[in-house]
Amino acid sequence: MPHVLYNGPTSPFGRMTRVVGLELGIAVEERAIDVYTAEFLDKFNPLRQIPTLQTASGDVLYDSRVICRWFDSVSDRAKLIPVDHQWEVERRWALAIGLMEAGLGRRMEILRPEGEKSPGHIAKLEARIDRAIDQLELEAAALRDAGMRMDAIAAAVALEYTDFRYTRDWRARCPSLETWLAAFGTRPSLQTTRPH
Ligand SMILES: N[C@@H](CCC(=O)N[C@@H](CS)C(=O)NCC(=O)O)C(=O)O
């Protein structure tokens, strides 16, 4: 049995695990599901969220960070989560995850019926998105120097999710980040997993 990754076509968390798997040469069978109706997933992941991984030996792993760590631990390729600079990588990875969470939260809020959605909550999430991206702009040199590393993958996925669901306007105030992402985004692992 192959490793089976329950995923969806637009999940930034799922895409992050896909990119990591591709970069590390780990073969997975990806099953695109509609997580909102996927009752069967509960027996694997009581949170009923994607991504959820069932490994070839039958173990189940979630969430996205755990799956990325597991891929990194079983691959014989160069580590994406290095021991040196570990805490800087972890902190920037968390920043990128927070950007994904804010983007997803904004999207979910916008999809709520008129009268139930909160403009104040949407504005708060948009301000968080802006601050996170501004911080990544300050760290663009570190991202450039990182090469293929976990924090760089997460930042690229988070920024492209922002493009996909919200706005590309951040480029006007973040030229270094834009330049870095344009180059990093040419990797086949990113090109073949881009949401559409
Ligand atoms: N902390 C989780 C978050 C995953 C997550 O929020 N996934 C979304 C799709 S992008 C989901 O499954 N949403 C369905 C739900 O929460 O009901 C991770 O990093 O994997």
Side-chain angles (χ1 to χ4, degrees), residues 3-24 26 28-55 58-75 80-81 86-87 89-113 116-118 121-122 124-126 128-129 132-133 135-136 149-168 185 189-190 192-196:
H3 306 311
V4 175
L5 182 70
Y6 295 100
N7 199 1
T10 60
S11 167
F13 307 100
R15 184 181 180 213
M16 178 171 68
T17 65
R18 287 282 295 127
V19 173
V20 167
L22 287 167
E23 290 294 338
L24 292 173
I26 295 173
V28 295
E29 181 187 315
E30 188 180 17
R31 292 193 193 156
I33 61 169
D34 176 1
V35 69
Y36 297 103
T37 57
E39 285 180 30
F40 79 93
L41 199 61
D42 298 0
K43 66 179 180 294
F44 300 124
N45 180 352
L47 303 176
R48 200 188 291 182
Q49 286 190 318
I50 50 172
T52 296
L53 182 78
Q54 187 176 29
T55 72
D59 296 324
V60 174
L61 294 173
Y62 50 84
D63 61 2
S64 60
R65 255 182 278 205
V66 176
I67 296 170
C68 290
R69 284 186 193 289
W70 187 76
F71 284 164
D72 205 44
S73 74
V74 298
S75 171
L80 294 178
I81 310 169
Q86 181 189 355
W87 299 113
V89 172
E90 295 273 358
R91 197 262 312 145
R92 193 173 297 114
W93 186 8
L95 176 62
I97 295 253
L99 177 55
M100 294 178 206
E101 288 170 347
L104 177 64
R106 175 186 177 278
R107 167 86 180 155
M108 299 312 292
E109 190 66 26
I110 281 173
L111 290 178
R112 295 180 72 182
E116 285 184 27
K117 58 182 126 195
S118 159
H121 188 52
I122 294 169
K124 176 183 162 183
L125 291 173
E126 291 180 352
R128 180 176 297 171
I129 290 167
I133 294 178
Q135 182 60 35
L136 288 173
R149 206 172 63 186
M150 191 62 243
D151 51 340
I153 292 172
V157 168
L159 289 167
E160 291 191 350
Y161 185 70
T162 307
D163 289 346
F164 177 63
R165 285 296 192 213
Y166 176 26
T167 180
R168 299 173 63 89
S189 62
L190 284 142
T192 56
T193 57
R194 209 155 262 143
H196 49 77

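Every number for a ligand or one of its atoms is a count from 1 in the order of the listing.
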Under 4.0 Å between heavy atoms, the region of Leu47 that gets near ligand 1 turns out to be neither
Can you tell which part of Ile50 has a heavy atom less than 4.0 Å from ligand 1: side chain, backbone, both or neither?
both
Of the non-hydrogen atoms in Met16 and Ser64, which two are nearest, and what is the gap between them?
CE-OG, 3.4 Å
Correct closest heavy-atom pair for Asp72 and Leu80 would be OD1-N, 2.7 Å
Ligand 1 atoms in contact with [X] (distance to a heavy atom under 4.0 Å):
X      : value
Val35  : 12 (O), 14 (C)
Pro51  : 20 (O)
Leu104 : 6 (O), 10 (S)
Ser11  : 9 (C), 10 (S)
Ser64  : 18 (C), 19 (O), 20 (O)

Quick one: side chains of residues 97-106, donor-acceptor pairs under 3.5 Å with protein atoms, not counting sequence neighbours, listed by atom name and distance.
residue	atom	partner	partner atom	Å
Arg106	NE	Glu126	OE2	2.7
Arg106	NH1	Arg165	O	3.4
Arg106	NH2	Glu126	OE2	3.2

Could you tell me if the side chain of Leu190 sits less than 4.5 Å from the side chain of Arg15, heavy atoms only?
yes
Any side-chain heavy-atom pair of Val28 and Asn7 under 4.5 Å
no
Counting only nitrogen or oxygen atoms and a 3.5 angstrom limit, does Asp63 reach ligand 1?
yes
Working to the nearest 0.5 Å, report the span between CZ of Arg48 and CG of Asp42.
4.0 Å
Atom CH2 in Trp70, atom CG in Leu24: separation rounded to 0.5 Å?
11.0 Å
For atom 13 (N) of ligand 1, closest protein heavy-atom neighbour:
Tyr36 OH, 3.7 Å
min-distance protein heavy atom vs atom 3 (C) of ligand 1 -> Gln49 OE1, 3.8 Å
Ring pair (Phe, Tyr, Trp, His ring centres under 6.0 Å) partners for Tyr6, two or more places apart
Phe40, Phe44
Would you say Tyr62 touches ligand 1, if touching means a heavy atom closer than 4.0 Å?
no
